[in-house]
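Right, one structure below, let's go through it.
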Amino acid sequence: MKKEKLSQLQQFSNLGALSRLSFDNLIPTGRYEDNALQQNFTRAYEAAKAFASEPKGWLILIGPNGCGKTHLACAIANYRLSLGQPAFYMGAADLLDHLRSAFSPSSEIAYDELFERVKNTPLLILDDLTMTATTPWARGKLEQLLDYRFNMRLPTVITTDTPIEEFDESLRGHLADSEICNIYVIRGKSTLILEHLGSIELEGLRQKAFNNFDYKLSNLSPEERQSLEQAYLIAVDFAKAPENWLVFMGVNGCGKTHLAAAIANYMRREGKSVLFIEVTDFLDYLRSAFNPESRVTYDELFEKIKKTPVLILDDFGEQSATPWAQEKLYQLMNYRYNARLATVITTCRSLDEIESRISSRMADVSFCTVLNIHAPHYRGDIKAPRARETKSQQRYPRRNR
(Lines give C-alpha, C1' and ligand atoms only; values in the text may rest on other atoms or scores of the structure.)
Protein backbone atom coordinates (compact mmCIF):
# COMPACT_ATOMS: atom_id res chain seq x y z
CA MET A 1 0.00 0.00 0.00
CA LYS A 2 2.85 2.37 0.91
CA LYS A 3 4.60 1.56 -2.37
CA GLU A 4 1.41 2.24 -4.30
CA LYS A 5 0.95 5.60 -2.57
CA LEU A 6 4.55 6.58 -3.36
CA SER A 7 3.98 5.66 -6.99
CA GLN A 8 0.89 7.83 -7.08
CA LEU A 9 2.73 10.73 -5.46
CA GLN A 10 5.60 10.43 -7.93
CA GLN A 11 3.18 10.42 -10.82
CA PHE A 12 1.45 13.49 -9.38
CA SER A 13 4.79 15.25 -8.78
CA ASN A 14 5.55 15.68 -12.50
CA LEU A 15 9.26 15.14 -11.73
CA GLY A 16 9.74 12.40 -14.29
CA ALA A 17 13.47 11.82 -14.86
CA LEU A 18 14.22 14.40 -12.16
CA SER A 19 13.17 11.83 -9.56
CA ARG A 20 16.83 10.78 -9.50
CA LEU A 21 17.93 14.12 -8.00
CA SER A 22 18.27 13.79 -4.25
CA PHE A 23 20.34 15.07 -1.35
CA ASP A 24 22.13 11.71 -1.27
CA ASN A 25 23.67 12.21 -4.72
CA LEU A 26 24.45 15.89 -4.22
CA ILE A 27 27.82 17.01 -2.86
CA PRO A 28 27.11 19.41 0.06
CA THR A 29 29.95 21.71 -1.02
CA GLY A 30 28.92 21.83 -4.68
CA ARG A 31 30.83 21.07 -7.84
CA TYR A 32 33.63 23.65 -7.66
CA GLU A 33 36.97 23.47 -5.84
CA ASP A 34 37.06 27.16 -4.94
CA ASN A 35 36.63 27.56 -1.17
CA ALA A 36 34.39 30.64 -1.44
CA LEU A 37 32.07 28.86 -3.87
CA GLN A 38 31.95 25.79 -1.62
CA GLN A 39 30.96 27.82 1.43
CA ASN A 40 28.35 29.66 -0.62
CA PHE A 41 26.80 26.43 -1.93
CA THR A 42 26.87 24.75 1.49
CA ARG A 43 24.69 27.53 2.92
CA ALA A 44 22.10 26.96 0.19
CA TYR A 45 22.36 23.17 0.64
CA GLU A 46 21.70 23.38 4.38
CA ALA A 47 18.79 25.77 3.82
CA ALA A 48 17.27 23.37 1.27
CA LYS A 49 17.56 20.41 3.67
CA ALA A 50 15.94 22.42 6.45
CA PHE A 51 13.11 23.45 4.13
CA ALA A 52 12.63 19.83 3.00
CA SER A 53 12.23 18.74 6.62
CA GLU A 54 9.68 21.44 7.38
CA PRO A 55 8.39 23.38 4.34
CA LYS A 56 7.34 26.86 5.42
CA GLY A 57 7.17 30.02 3.38
CA TRP A 58 9.09 30.39 0.15
CA LEU A 59 12.65 29.36 -0.65
CA ILE A 60 14.19 31.34 -3.52
CA LEU A 61 17.35 29.95 -5.16
CA ILE A 62 19.10 32.39 -7.51
CA GLY A 63 22.11 31.56 -9.64
CA PRO A 64 23.50 30.97 -13.14
CA ASN A 65 22.91 27.84 -15.19
CA GLY A 66 24.79 24.83 -13.82
CA CYS A 67 25.20 26.12 -10.27
CA GLY A 68 23.05 23.32 -8.75
CA LYS A 69 19.85 25.21 -7.92
CA THR A 70 17.55 22.84 -9.84
CA HIS A 71 19.14 19.80 -8.16
CA LEU A 72 18.51 21.37 -4.76
CA ALA A 73 14.90 22.18 -5.63
CA CYS A 74 14.19 18.66 -6.93
CA ALA A 75 15.96 17.11 -3.94
CA ILE A 76 13.47 18.93 -1.72
CA ALA A 77 10.55 17.52 -3.73
CA ASN A 78 11.94 13.98 -3.73
CA TYR A 79 12.59 14.09 0.02
CA ARG A 80 8.99 15.13 0.65
CA LEU A 81 7.78 12.28 -1.58
CA SER A 82 9.89 9.81 0.41
CA LEU A 83 7.99 10.91 3.51
CA GLY A 84 4.68 10.28 1.75
CA GLN A 85 3.98 13.99 1.30
CA PRO A 86 2.92 15.53 -2.03
CA ALA A 87 5.03 17.92 -4.08
CA PHE A 88 4.51 19.25 -7.59
CA TYR A 89 7.35 20.23 -9.93
CA MET A 90 6.91 22.52 -12.91
CA GLY A 91 9.30 24.45 -15.12
CA ALA A 92 7.98 27.98 -15.63
CA ALA A 93 8.25 27.69 -19.43
CA ASP A 94 6.47 24.30 -19.38
CA LEU A 95 3.72 25.74 -17.20
CA LEU A 96 3.06 28.50 -19.70
CA ASP A 97 3.08 26.02 -22.58
CA HIS A 98 0.55 23.83 -20.75
CA LEU A 99 -1.71 26.77 -20.01
CA ARG A 100 -1.64 27.89 -23.64
CA SER A 101 -2.34 24.38 -24.96
CA ALA A 102 -5.28 24.06 -22.58
CA PHE A 103 -7.17 26.51 -24.78
CA SER A 104 -6.96 24.00 -27.63
CA PRO A 105 -10.19 22.04 -28.32
CA SER A 106 -8.13 18.84 -28.35
CA SER A 107 -6.79 19.40 -24.84
CA GLU A 108 -7.35 16.46 -22.49
CA ILE A 109 -7.30 18.61 -19.37
CA ALA A 110 -9.42 21.61 -18.60
CA TYR A 111 -7.61 24.91 -18.22
CA ASP A 112 -9.00 25.52 -14.75
CA GLU A 113 -8.13 22.01 -13.60
CA LEU A 114 -4.41 22.34 -14.40
CA PHE A 115 -4.16 25.86 -13.06
CA GLU A 116 -5.95 24.93 -9.84
CA ARG A 117 -3.61 21.97 -9.35
CA VAL A 118 -0.54 24.21 -9.61
CA LYS A 119 -2.13 26.94 -7.49
CA ASN A 120 -3.20 24.70 -4.63
CA THR A 121 -0.57 21.98 -4.45
CA PRO A 122 0.78 21.73 -0.88
CA LEU A 123 4.35 22.21 -2.14
CA LEU A 124 5.16 23.78 -5.50
CA ILE A 125 8.60 23.65 -7.11
CA LEU A 126 8.66 26.33 -9.84
CA ASP A 127 11.89 25.97 -11.80
CA ASP A 128 13.63 28.59 -13.93
CA LEU A 129 11.27 31.49 -13.31
CA THR A 130 11.90 34.41 -15.64
CA MET A 131 9.89 37.37 -16.86
CA THR A 132 11.90 37.95 -20.04
CA ALA A 133 10.39 37.29 -23.46
CA THR A 134 6.95 36.77 -21.97
CA THR A 135 3.68 38.22 -23.21
CA PRO A 136 1.44 40.34 -20.98
CA TRP A 137 -0.90 37.32 -20.81
CA ALA A 138 1.90 35.03 -19.62
CA ARG A 139 3.07 37.54 -17.03
CA GLY A 140 -0.50 37.90 -15.84
CA LYS A 141 -0.91 34.16 -15.31
CA LEU A 142 2.39 33.86 -13.43
CA GLU A 143 1.48 36.82 -11.24
CA GLN A 144 -1.97 35.34 -10.59
CA LEU A 145 -0.41 32.03 -9.56
CA LEU A 146 2.22 33.57 -7.29
CA ASP A 147 -0.17 36.13 -5.80
CA TYR A 148 -2.47 33.31 -4.74
CA ARG A 149 0.27 31.17 -3.21
CA PHE A 150 1.78 34.19 -1.48
CA ASN A 151 -1.53 35.29 0.04
CA MET A 152 -2.35 31.72 1.11
CA ARG A 153 1.20 31.24 2.49
CA LEU A 154 1.61 27.97 0.56
CA PRO A 155 5.15 26.50 0.65
CA THR A 156 6.91 27.22 -2.63
CA VAL A 157 10.42 26.74 -4.01
CA ILE A 158 11.47 29.01 -6.88
CA THR A 159 14.67 28.83 -8.90
CA THR A 160 15.76 31.63 -11.22
CA ASP A 161 18.84 33.15 -12.82
CA THR A 162 17.29 36.62 -12.63
CA PRO A 163 18.21 39.03 -9.79
CA ILE A 164 15.22 40.00 -7.65
CA GLU A 165 15.64 43.64 -8.70
CA GLU A 166 14.88 42.78 -12.33
CA PHE A 167 11.40 41.37 -11.72
CA ASP A 168 8.28 43.49 -12.13
CA GLU A 169 7.39 45.54 -9.07
CA SER A 170 4.41 43.43 -7.98
CA LEU A 171 6.31 40.14 -8.14
CA ARG A 172 9.48 41.68 -6.73
CA GLY A 173 7.50 42.77 -3.69
CA HIS A 174 6.53 39.14 -2.98
CA LEU A 175 10.00 37.69 -3.56
CA ALA A 176 11.69 40.30 -1.39
CA ASP A 177 9.29 39.90 1.55
CA SER A 178 11.60 38.66 4.31
CA GLU A 179 8.69 37.45 6.45
CA ILE A 180 7.79 34.68 4.00
CA CYS A 181 10.78 34.39 1.62
CA ASN A 182 14.32 33.16 2.23
CA ILE A 183 16.66 34.03 -0.63
CA TYR A 184 19.93 32.22 -1.38
CA VAL A 185 22.17 33.40 -4.19
CA ILE A 186 24.26 30.50 -5.51
CA ARG A 187 27.38 31.60 -7.29
CA GLY A 188 28.93 29.95 -10.32
CA LYS A 189 32.32 30.47 -11.92
CA SER A 190 31.25 33.47 -13.96
CA THR A 191 29.75 35.23 -10.95
CA LEU A 192 32.87 34.48 -8.90
CA ILE A 193 35.03 36.09 -11.59
CA LEU A 194 32.80 39.15 -11.48
CA GLU A 195 32.98 39.43 -7.70
CA HIS A 196 36.74 39.02 -7.64
CA LEU A 197 37.00 41.61 -10.38
CA GLY A 198 35.82 44.23 -7.94
CA SER A 199 38.31 45.62 -5.43
CA ILE A 200 35.50 45.43 -2.85
CA GLU A 201 36.84 41.95 -2.11
CA LEU A 202 39.92 43.57 -0.55
CA GLU A 203 39.76 43.56 3.25
CA GLY A 204 40.27 47.32 3.53
CA LEU A 205 37.28 48.15 1.36
CA ARG A 206 35.01 45.59 3.02
CA GLN A 207 35.43 47.61 6.22
CA LYS A 208 34.27 50.87 4.62
CA ALA A 209 30.86 51.79 5.96
CA PHE A 210 28.75 54.86 6.57
CA ASN A 211 29.16 54.56 10.34
CA ASN A 212 32.95 54.87 10.13
CA PHE A 213 33.01 57.78 7.68
CA ASP A 214 33.91 60.87 9.71
CA TYR A 215 33.00 64.11 7.98
CA LYS A 216 33.65 66.19 11.13
CA LEU A 217 37.44 65.89 11.23
CA SER A 218 39.06 68.61 13.32
CA ASN A 219 41.47 69.67 10.60
CA LEU A 220 38.70 70.56 8.16
CA SER A 221 37.38 74.02 7.42
CA PRO A 222 33.60 74.62 7.70
CA GLU A 223 33.32 74.50 3.90
CA GLU A 224 35.18 71.19 3.77
CA ARG A 225 33.00 69.66 6.48
CA GLN A 226 29.90 70.80 4.64
CA SER A 227 31.21 69.29 1.41
CA LEU A 228 31.92 65.92 3.05
CA GLU A 229 28.61 65.91 4.91
CA GLN A 230 26.68 66.60 1.72
CA ALA A 231 28.52 63.77 -0.09
CA TYR A 232 27.82 61.45 2.86
CA LEU A 233 24.08 62.22 2.97
CA ILE A 234 23.63 61.81 -0.77
CA ALA A 235 25.58 58.52 -0.69
CA VAL A 236 23.30 57.18 2.05
CA ASP A 237 20.22 58.16 0.03
CA PHE A 238 21.63 56.43 -3.04
CA ALA A 239 22.40 53.23 -1.14
CA LYS A 240 18.83 53.04 0.15
CA ALA A 241 17.24 53.74 -3.25
CA PRO A 242 19.81 53.50 -6.07
CA GLU A 243 18.80 55.36 -9.21
CA ASN A 244 20.42 57.52 -11.88
CA TRP A 245 24.13 58.40 -11.79
CA LEU A 246 26.17 59.72 -8.90
CA VAL A 247 29.66 61.10 -9.57
CA PHE A 248 32.15 61.85 -6.78
CA MET A 249 35.06 64.08 -7.80
CA GLY A 250 38.04 65.06 -5.67
CA VAL A 251 41.70 64.53 -4.91
CA ASN A 252 43.07 61.13 -3.90
CA GLY A 253 42.15 60.31 -0.31
CA CYS A 254 39.30 62.81 0.03
CA GLY A 255 36.81 60.05 0.91
CA LYS A 256 35.10 59.37 -2.42
CA THR A 257 36.16 55.70 -2.60
CA HIS A 258 35.15 55.20 1.05
CA LEU A 259 31.65 56.45 0.23
CA ALA A 260 31.43 54.33 -2.93
CA ALA A 261 32.52 51.21 -1.02
CA ALA A 262 30.07 52.05 1.80
CA ILE A 263 27.26 52.12 -0.77
CA ALA A 264 28.31 48.69 -2.09
CA ASN A 265 28.67 47.18 1.39
CA TYR A 266 25.30 48.56 2.53
CA MET A 267 23.53 47.18 -0.53
CA ARG A 268 25.15 43.75 -0.15
CA ARG A 269 24.04 43.54 3.46
CA GLU A 270 20.51 44.33 2.26
CA GLY A 271 20.72 41.48 -0.26
CA LYS A 272 20.71 43.81 -3.27
CA SER A 273 22.74 43.22 -6.41
CA VAL A 274 25.72 45.58 -6.81
CA LEU A 275 29.09 45.35 -8.54
CA PHE A 276 32.09 47.41 -7.38
CA ILE A 277 34.89 47.70 -9.95
CA GLU A 278 38.19 49.54 -10.08
CA VAL A 279 38.29 50.72 -13.69
CA THR A 280 41.84 49.57 -14.39
CA ASP A 281 40.90 46.07 -13.15
CA PHE A 282 37.84 46.15 -15.38
CA LEU A 283 39.94 46.79 -18.48
CA ASP A 284 42.49 44.16 -17.43
CA TYR A 285 39.76 41.55 -17.05
CA LEU A 286 38.30 42.40 -20.43
CA ARG A 287 41.72 41.92 -22.00
CA SER A 288 42.27 38.62 -20.16
CA ALA A 289 38.87 37.36 -21.35
CA PHE A 290 40.33 37.15 -24.85
CA ASN A 291 42.58 34.34 -23.55
CA PRO A 292 41.42 30.95 -24.97
CA GLU A 293 41.75 29.44 -21.48
CA SER A 294 39.47 32.02 -19.89
CA ARG A 295 36.56 30.44 -17.96
CA VAL A 296 34.23 33.22 -19.14
CA THR A 297 33.95 34.67 -22.62
CA TYR A 298 34.67 38.30 -23.38
CA ASP A 299 31.10 38.95 -24.50
CA GLU A 300 29.62 37.26 -21.42
CA LEU A 301 31.82 39.27 -19.05
CA PHE A 302 31.17 42.59 -20.76
CA GLU A 303 27.42 41.98 -20.97
CA LYS A 304 27.14 41.08 -17.29
CA ILE A 305 29.01 44.20 -16.22
CA LYS A 306 27.13 46.38 -18.70
CA LYS A 307 23.71 45.22 -17.51
CA THR A 308 24.30 44.77 -13.76
CA PRO A 309 21.52 46.64 -11.87
CA VAL A 310 23.91 48.83 -9.87
CA LEU A 311 27.50 49.42 -10.97
CA ILE A 312 30.18 51.29 -9.03
CA LEU A 313 33.21 52.40 -11.08
CA ASP A 314 36.11 53.48 -8.88
CA ASP A 315 39.01 55.65 -10.04
CA PHE A 316 37.57 56.55 -13.41
CA GLY A 317 39.94 58.35 -15.78
CA GLU A 318 43.23 57.26 -14.21
CA GLN A 319 43.64 54.27 -16.53
CA SER A 320 45.76 54.30 -19.65
CA ALA A 321 43.58 56.04 -22.21
CA THR A 322 44.32 53.88 -25.25
CA PRO A 323 41.79 54.04 -28.11
CA TRP A 324 40.66 50.51 -27.22
CA ALA A 325 40.13 51.43 -23.56
CA GLN A 326 38.29 54.63 -24.47
CA GLU A 327 35.97 52.72 -26.80
CA LYS A 328 35.16 50.01 -24.22
CA LEU A 329 34.43 52.59 -21.53
CA TYR A 330 32.27 54.59 -23.91
CA GLN A 331 30.27 51.47 -24.87
CA LEU A 332 29.75 50.67 -21.20
CA MET A 333 28.75 54.19 -20.20
CA ASN A 334 26.58 54.83 -23.26
CA TYR A 335 24.60 51.63 -22.66
CA ARG A 336 24.04 52.38 -18.98
CA TYR A 337 23.07 55.97 -19.79
CA ASN A 338 20.51 54.93 -22.41
CA ALA A 339 19.19 52.10 -20.21
CA ARG A 340 19.01 54.45 -17.21
CA LEU A 341 20.90 52.00 -14.98
CA ALA A 342 22.07 53.17 -11.55
CA THR A 343 25.80 53.94 -11.54
CA VAL A 344 28.30 55.46 -9.10
CA ILE A 345 31.58 56.90 -10.43
CA THR A 346 34.58 58.19 -8.52
CA THR A 347 37.26 60.21 -10.28
CA CYS A 348 40.14 62.60 -9.66
CA ARG A 349 39.41 64.32 -12.96
CA SER A 350 37.08 67.19 -13.77
CA LEU A 351 34.45 66.81 -16.47
CA ASP A 352 36.64 68.86 -18.79
CA GLU A 353 39.39 66.25 -18.43
CA ILE A 354 37.18 63.21 -19.17
CA GLU A 355 36.63 61.99 -22.73
CA SER A 356 33.88 64.18 -24.19
CA ARG A 357 31.47 61.40 -25.22
CA ILE A 358 31.37 60.21 -21.59
CA SER A 359 31.56 63.60 -19.85
CA SER A 360 28.60 64.84 -21.90
CA ARG A 361 26.48 62.11 -20.29
CA MET A 362 27.76 62.98 -16.82
CA ALA A 363 26.80 66.59 -17.58
CA ASP A 364 23.11 65.68 -17.93
CA VAL A 365 21.80 67.32 -14.76
CA SER A 366 18.40 65.64 -15.17
CA PHE A 367 20.03 62.23 -14.71
CA CYS A 368 23.43 62.72 -13.09
CA THR A 369 24.43 64.29 -9.76
CA VAL A 370 28.03 65.54 -9.78
CA LEU A 371 29.63 66.23 -6.40
CA ASN A 372 33.08 67.76 -6.08
CA ILE A 373 34.33 66.87 -2.60
CA HIS A 374 36.19 69.91 -1.29
CA ALA A 375 38.40 68.28 1.31
CA PRO A 376 42.04 67.30 1.78
CA HIS A 377 43.21 63.73 2.23
CA TYR A 378 40.51 61.95 4.28
CA ARG A 379 43.04 60.53 6.75
CA GLY A 380 43.76 63.63 8.79
CA ASP A 381 47.30 62.61 9.74
CA ILE A 382 48.48 62.88 6.14
CA LYS A 383 49.14 66.27 4.63
CA ALA A 384 47.79 66.57 1.12
CA PRO A 385 46.86 69.41 -1.23
CA ARG A 386 43.38 70.84 -0.93
CA ALA A 387 40.79 69.80 -3.48
CA ARG A 388 41.01 72.02 -6.50
CA GLU A 389 38.06 74.04 -7.76
CA THR A 390 36.84 72.68 -11.06
CA LYS A 391 34.57 74.10 -13.70
CA SER A 392 32.22 71.22 -13.05
CA GLN A 393 31.71 72.38 -9.45
CA GLN A 394 30.74 75.84 -10.66
CA ARG A 395 28.48 74.35 -13.31
CA TYR A 396 26.70 71.88 -11.00
CA PRO A 397 25.81 73.34 -7.60
CA ARG A 398 25.15 71.17 -4.58
CA ARG A 399 21.81 69.35 -4.65
CA ASN A 400 19.28 70.66 -2.19
CA ARG A 401 17.97 68.26 0.37
Side-chain angles (χ1 to χ4, degrees), residues 197-199 227 230-231 234-235 238 242-257 259-261 263-264 274-290 298-299 301-375 385-400:
L197 187 155
S199 300
S227 175
Q230 182 199 28
I234 290 177
F238 185 95
E243 63 177 358
N244 300 339
W245 285 14
L246 177 58
V247 180
F248 291 120
M249 293 181 172
V251 298
N252 286 328
C254 70
K256 58 187 185 297
T257 294
L259 289 173
I263 290 171
V274 59
L275 183 60
F276 183 106
I277 296 176
E278 202 279 329
V279 175
T280 301
D281 287 345
F282 163 64
L283 295 174
D284 286 345
Y285 270 84
L286 286 184
R287 293 186 188 99
S288 68
F290 281 108
Y298 170 83
D299 288 339
L301 179 64
F302 191 60
E303 287 300 307
K304 283 183 177 291
I305 295 171
K306 196 171 71 171
K307 296 179 180 179
T308 192
V310 181
L311 177 64
I312 299 177
L313 293 171
D314 189 38
D315 212 9
F316 192 95
E318 295 303 294
Q319 62 284 344
S320 176
T322 64
W324 180 88
Q326 287 183 349
E327 189 60 30
K328 289 295 106 184
L329 288 173
Y330 169 70
Q331 289 176 14
L332 171 68
M333 303 303 285
N334 186 53
Y335 178 88
R336 296 189 67 81
Y337 177 81
N338 290 330
R340 292 305 197 248
L341 292 174
T343 307
V344 178
I345 301 160
T346 76
T347 181
C348 293
R349 305 292 182 90
S350 68
L351 289 187
D352 298 323
E353 297 170 315
I354 295 173
E355 204 265 334
S356 61
R357 294 181 299 174
I358 295 175
S359 65
S360 65
R361 284 152 179 76
M362 295 180 183
D364 182 352
V365 294
S366 68
F367 182 66
C368 185
T369 299
V370 179
L371 291 172
N372 196 315
I373 300 178
H374 283 262
R386 300 276 161 169
R388 56 184 169 173
E389 185 79 17
T390 66
K391 293 180 181 178
S392 62
Q393 175 64 19
Q394 299 169 2
R395 198 181 306 155
Y396 309 110
R398 295 186 179 100
R399 185 172 72 178
N400 293 327

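Just so it is clear, the model here is predicted, and its values are computed rather than measured.
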Hey, what do you get for [atom1] ([X]) to [atom2] ([Y]), rounding to the nearest 0.5 Å?
| X | Y | atom1 | atom2 | result |
| --- | --- | --- | --- | --- |
| K307 | F302 | NZ | CZ | 11.0 Å |
| I263 | I312 | CD1 | CD1 | 5.5 Å |
| I305 | Y335 | CD1 | OH | 13.5 Å |
| F316 | T343 | CZ | OG1 | 10.5 Å |
| N252 | C348 | CG | SG | 3.5 Å |
| R361 | S356 | CZ | OG | 9.5 Å |

Taking Q331 for its side chain and K328 for its backbone only, find out whether a donor-acceptor pair lies under 3.5 Å. no
With distance as the sole test, does W245 use its side chain to make a donor-acceptor pair with the main-chain N or O of L341 at under 3.5 Å? yes
Can you tell me how the ring of F367 sits relative to the ring of Y337, calling it parallel under 30°, perpendicular over 60° and tilted otherwise? perpendicular
What pair of heavy atoms forms the shortest contact from [X] to [Y], and how long is it?
| X | Y | value |
| --- | --- | --- |
| S227 | H374 | OG-N, 2.7 Å |
| D315 | T346 | N-OG1, 2.8 Å |
| M249 | K256 | C-CD, 4.2 Å |
| S359 | L351 | CB-O, 3.4 Å |
| M333 | I345 | CE-CD1, 3.2 Å |
| V274 | A264 | CG1-O, 3.7 Å |

Verdict with reasoning, T369 to N244, per side-chain contact (heavy atoms from CB on, under 4.5 Å): CA-CA 8 Å; T369 299; N244 300 339; over 6 Å; no
Taking C-beta and beyond as the side chain, do [X] and [Y] meet within less than 4.5 Å on heavy atoms?
| X | Y | result |
| --- | --- | --- |
| L329 | E355 | no |
| F238 | L259 | no |
| L246 | L371 | yes |
| L313 | L332 | yes |

